[in-house]
There are 2 protein chains.
Amino acid sequence: MNISEAAQHAGLPAKTIRYYEDIGLVTPNRDTNGYRVFSAQDLHKLTFLARSRALGFSIEDCRALLALYEDQTRASSDVKRIAAEHLDEIEAKISDLVAMRDTLSELVRACSGDDRPDCPILKGIEHAKGPARKP
Amino acid sequence: MNISEAAQHAGLPAKTIRYYEDIGLVTPNRDTNGYRVFSAQDLHKLTFLARSRALGFSIEDCRALLALYEDQTRASSDVKRIAAEHLDEIEAKISDLVAMRDTLSELVRACSGDDRPDCPILKGIEHAKGPARKP
DNA sequence: ATAAGGTTTCCAGTGACTGGAAGGTCAAGA
DNA sequence: TCTTGACCTTCCAGTCACTGGAAACCTTAT
């Protein structure tokens, strides 16, 4: 199976698959013409990667998860630790974004949005509390 | 006022302020020794930038907002449009993250996290629905 | 023979910083 | 006066996870 078909099946752009090979996440064989040939196992890996990326895991997390996925003697605690840490990061990002949304939606609501210069949004930014914690 | 004091007041790292000068967001004067000298107006701009960044606006949005902030003849509709578009992006990100969280927290909950290899998280990734839309 | 479409590699750019090296400047203390 | 340490300067490289584009090679159909 060539790269564009593999891309189709895995739900990833071909460019991304080449990149994943570059950084050692997959190592498809090569045909005599130099084209990549994807096996069923390669496809499983790519699909796994596409889905773990869609859950927001970093590439390095994906690398670790993939190794555990292929290791039949893994401990599920190793998987759970990675997932739980990532879950915490997601929760933190949600909190940050919800705080932004609450502030911003109030400012947008208060702004008349006409051709006059008076603007509660600019005033709100000017007088806002300092930035929260860093993401 | 030198850069580290300005950084203190604005709530930004000095490195970031230099970067903002690089990309033309602020243009502090220079002392005879080459040191940057920040005026009260520079400080207002930096504070405005720190706060709009903390609300998640992109640098280019901040550039536009800063121009409107300084333009006494602006129309508040221009500000509101930028803010409302950003608000939509934030809402979309929140939706994505909440979907990730819901999936992931269920998987983490289901995983025993012991030393056995059986793992609902890996199974869940393997059998998940395809990725949602791109962020 | 040619055209269209797939594939290869490699290089550069994205956003918004951040780290680090190498060197100039300043104020205080011995 | 000299030295120390804390500032400040510029410039270059790296981050993350791709993405775009160029130039060239391969395959298939007409």
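Chain identifiers are assigned alphabetically (A, B, ...) following the order of the sequence lines, protein sequences preceding nucleic acid strands; residue numbering begins at 1 within each chain. In this text, all values refer to a predicted model and were calculated from it rather than measured experimentally.
What you find for A/Ile125 and B/Ser52 is that their closest heavy atoms are CG2-N, 3.9 Å.
Distance from the side chain of A/Arg36 is smallest to C/dT8 among C/dT7, D/dC8, C/dT8. Taking the side chain of B/Tyr35 as heavy atoms from C-beta on, and the options C/dT25, D/dA17, C/dG20, the nearest nucleotide is C/dT25.
Rounded to whole angstrom, the span from the CD1 atom of A/Ile17 across to the C1' atom of D/dC18 amounts to 13 Å. Protein atom CD of B/Gln8 is 11 Å distant from nucleotide atom P of D/dC8, rounded to whole Å. Atom CG of A/Asp22 is separated from atom C1' of C/dT9 by 10 Å (rounded to the nearest Å). Between the CG atom of A/Asn2 and the P atom of C/dG6 there is a distance of 11 Å, rounded to whole Å. The distance between atom CG of B/Leu12 and atom P of C/dC17, rounded to the nearest whole Å, is 8 Å. Nucleotide D/dA17 holds its P atom 10 Å from the CG atom of A/Leu25, rounded to whole Å. Between the CG atom of A/Asn33 and the P atom of D/dC26 there is a distance of 8 Å, given to the nearest Å.
At least one side-chain heavy atom of A/Leu87 sits less than 4.5 Å from a side-chain heavy atom of B/Arg101.
Each of B/Glu21 and A/Ser58 was matched to the nucleotide of DNA chain D holding its nearest heavy atom; the match closer to the 5' end belongs to B/Glu21.
Using a 4.0 Å heavy-atom cutoff across all strands shown, B/Ile3 reaches sugar-phosphate atoms only and no base atom. Across all strands, B/Tyr20 comes closer than 4.0 Å only to sugar-phosphate atoms, never to a base (heavy-atom distances). Within 4.0 Å (heavy atoms only), B/Arg18 reaches at least one base atom of the nucleic acid.
Atom-to-atom distance recorded for A/Leu49:CG and A/Leu65:CG is 9.5 Å, nearest 0.5 angstrom.
Taking the six-membered ring for Trp and thresholds of 30 and 60 degrees, A/His86 and A/Phe57 have ring planes inclined between 30 and 60 degrees apart.
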